[in-house]
Structures are given as C-alpha cells and as structure tokens.
Amino acid sequence: MTANKVALKNMTEEELKEFLKSIGEKPFRGSQIFSWIYKGAKTFDDMNNIPKSLREKLEEVSYIGNIKLELALESKTDKCKKYLFELNDGNIIETVMMDYGDRITVCISNQVGCRMGCKFCASTLEGLIRNLEPWEILDQIMKVQEDTNKRVSNLVLMGSGEPLDNFENTKKFFKLVNEKNGLNIGYRHITLSTCGVVPKIYEFADLQLPINLALSLHSPFDEERKKIMPVANAYKIDDIIKACKYYIQKTNRRVTFEYSLIRGVNDSKKEADAIVKLLKGMLCHVNLIPINKVEERDFERPDKTYIYKFRDILEKNNIPATVRISMGSDIGGACGQLRRKHK
Ligand code: SAH
C-alpha cells in the first residue's frame, strides 16, 4: 500500500513546500498540508481547502504516515500510561506517557528491538528487527497527544532501541519535532539516552544542539561493565568520559549518568567510590535506578537502605545524585521493561 510512496510526516515544512513544487504545485500548498498534518488529519480527504485533484495526486505518490494505536494500559499506581502501537509492517512498539501535573513527558522508542544486548533489559531479548523511520518516532508523540488531549512538553529517548545506532533517523526526528508550526518541542526538553557508542557521541556533540545527554553507565569498571553490557567490549569507560566531556564543552549541558542498581552486582561502596573518582569535577548528575524486574532475567534490586547509602556516598563527595523512582512497573512500562511484540 505504501510501497514507493513517500511519508509526508518525514518532511519539515520547508521540505514539504519543496516536495509540492517538485510535483508541479505551488509551495504554499505545502504549508497548508503541513498544518493539516499537525491538526491531526488522517486522510487527504480531511484537508478540505486542498483541491480534489491535488488530493488525488498526493494519494498516488505519498501517504501521511500514521502508526496505529493497538492498546493503551493505564497504571493503577502512577499517573502514567503505556501505549502499544502497530506499525505498517505489523511490528508493535511501546511508548510510555508520564503525567507529572505541570508537564507531560513521553518516553519514545527508536528501534524495533535493539542489538546492544544489555543483560538486564527486555528490549534487546530478540535482537534488532529494524530502525524506526523519523516519522514513526515522531508519530508516537502525536498519538499520545491525541489520546490525552494534552500537549507533550518533554521527551526522553529511553524506550526500546539505541538512538545512536539509528542516528541518521534520530537526527531527522530532532528537526521534525522542533518545527515551529509542528510539535514545537524545544531541544532543552529532550533527553537522548545511550549505552555509550563513543564515535556517535562526538557526532552528536558536533550538532551543537542543547539536547540533554544521558549515559547508561551501570558500572565504573570496564571488566564488570562488560559482563552486563556487551557494548563495553567496544568502548572503554575512559573514552566514554572523554566523549561526555566533549559533549559538555560543545553544548554546555549537564550530562546525566544513569546507573541501574543491581543487588550484588554493582551496588557496593567500591563502585560508589569509583564513580566519585570518575566523575569528580564534571558538570554532571547521577540518576540511580533500582533495577526493574525483567521476567527472563534474575537481577534483583538492592534493599532501600543500600540504595540510599549509595546515593549518600556520591552526594557527600559533591556528585549530585537522585534515585529515580520508575513509574509504571505494574504495566511493564518502567525502564528496561519495554519489549518487542507482534501480532
Ligand atoms: N539504549 C539507550 C536507551 C534505553 S533504556 C540506553 O542504553 O541508554 C533507558 C535506561 O534504562 C538505560 O539507562 C538502561 O540501561 C536502563 N535500563 C534498562 N533495563 C533496565 C532495567 N531492567 N531496570 C532499570 N533500568 C534499566
């Protein structure tokens, strides 16, 4: 149905104007169509100020690009909701909406599956199926807005997939989501999380966008990190830290280090002390995430007192640290619980 056709949601307003020109139309039609798309038009027939002949022409060469809401699960314990969306090829992706009252944050997926292989994460259990197109990343936000009738203000690229392993599409997505007449979400309200693909962190820094970088550290020791994160075989922690410093230098943004606490694996004083040494003097912040349950894995959380002891060591040594209470674990929507499904 969509073979050889272009997705209009993959285009900025300027690109849509160019596209209309390229099919022999006036550029202002591009702006009109752009505006319809962001008003939520689902078909060309919804666009009632576009002549019928042009609507038919568009139908032949393009499609708008809509993912389909398959299921929404509302958490009973938190103000959050998990969405399952079906893509045109039948794959299912997951998206999570968190309502903090004064802001709505959406956790979006970037790939169907993931090839990074982190041992504690559900998204990677079946490997990478495919990258998401820019519009498929974008449309998750549009569909959440339609469902909640509220404006999404903040984004975290922390759903399934590794954004720096789908960097071209992610870059395009950043352009689209920032469009003035589109979703208009400011870069400062976006956080990209990566397991540490070092060369791509440099490329990302060179874009010089004020996007927040979050780095999944999970161990301050290379050898230990390798046991839980295969990507650590490719990149050393020292090189990750250098890349993060470069990111700070280029963007002036504080980097977040994510640290999932796993009982008996990475939760002792030895690790806390090493983190202090590693991050001393850096414009950063540590986010401690008690590991969330993934059925196929037998990792457990440390006891609460352990978690706060760990945080206190960092804090006492001037490393700002917070404990992230994951929302939505009752609906499988917490960090690391998003997984691939299919019909
Ligand atoms: N691929 C990116 C983004 C995905 S996950 C990355 O690796 O950063 C977002 C965060 O959740 C990462 O820090 C990830 O390591 C963490 N995470 C994965 N599984 C988890 C689990 N079971 N419990 C807690 N955090 C988890």
Side-chain angles (χ1 to χ4, degrees), residues 82 93-96 98 105-125 127-128 131-132 137 140 155-167 169-170 173 190-198 200-201 204 211-219 224-232 234-235 237 240 243-244 247 255-263 265-267 275 284-302 307 310 321-340:
K82 180 167 90 168
I93 52 163
E94 303 190 334
T95 306
V96 180
M98 292 155 280
T105 300
V106 173
C107 174
I108 49 181
S109 288
N110 201 271
Q111 295 177 316
V112 181
C114 181
R115 65 188 181 113
M116 295 298 141
C118 298
K119 293 284 190 289
F120 42 79
C121 182
S123 305
T124 196
L125 289 167
L128 175 67
N131 287 329
L132 294 188
I137 309 174
Q140 297 170 55
L155 295 179
V156 292
L157 278 70
M158 295 185 185
S160 72
E162 167 51 53
L164 296 188
D165 189 39
N166 182 22
F167 194 44
N169 291 348
T170 300
F173 160 75
I190 303 177
T191 301
L192 179 150
S193 179
T194 176
C195 60
V197 187
V198 169
K200 295 288 171 190
I201 296 176
F204 184 34
I211 295 174
N212 305 301
L213 174 67
L215 199 292
S216 300
L217 186 62
H218 307 323
S219 174
E224 297 303 313
R225 198 166 181 264
K226 282 178 197 170
K227 290 183 195 159
I228 48 174
M229 299 177 74
V231 68
Y235 307 109
I237 293 170
I240 290 177
C244 289
Y247 193 82
V255 169
T256 298
F257 288 92
E258 294 161 288
Y259 196 91
S260 297
L261 284 163
I262 314 172
R263 182 190 297 186
V265 173
N266 63 0
D267 62 342
I275 294 175
C284 73
H285 172 263
V286 176
N287 216 195
L288 300 169
I289 317 164
I291 198 93
N292 293 304
K293 195 74 200 150
V294 172
E295 234 173 76
E296 293 82 350
R297 314 291 199 205
D298 49 5
F299 292 121
E300 297 288 342
R301 294 178 169 192
I307 295 171
F310 200 96
T322 46
V323 177
R324 182 199 286 171
I325 307 301
S326 282
M327 283 185 163
S329 55
D330 62 326
I331 50 172
C335 303
Q337 293 184 320
L338 302 191
R339 59 178 67 226
R340 172 174 181 242

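Every number for a ligand or one of its atoms is a count from 1 in the order of the listing. Values in this document were obtained by computation on a predicted structure and should not be read as measured data. The analysis underlying the following values was restricted to heavy atoms, covering all of them including side chains, and did not include hydrogens, waters or symmetry mates.
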Phe120, any N or O under 3.5 Å of ligand 1 N or O: yes

Sub-4.0 Å heavy-atom approach of Gly159 to ligand 1: yes

Spacing of Ile93 atom CD1 and Gln140 atom CD [to the nearest 0.5 Å]: 3.5 Å

Main-chain N/O of Ser160 paired with Glu94 side-chain donor or acceptor, under 3.5 Å: no

Region of Asn292 engaging ligand 1 - heavy atom pairs below 4.0 Å: both

Any Gln337 heavy atom less than 4.0 Å to ligand 1: no

Element-labelled atoms of ligand 1 that are located less than 4.0 Å from some non-hydrogen atom of Met158: 4 (C), 5 (S), 9 (C)

Donor-acceptor side-chain pairing of Thr170 and Asn110 below 3.5 angstrom: yes

Greater than 12 external heavy atoms within 6.0 Å of Glu296's CD: yes

Gly161, Cys195, Ser193, Ser216: member with heavy atom nearest to atom 1 (N) of ligand 1: Gly161

Where Ser193 and Met158 come nearest, the two heavy atoms and their spacing: CB-CG, 3.6 Å

Proximal candidate to atom 14 (C) of ligand 1 [heavy atom criterion; set Lys119, His218, Glu162]: His218

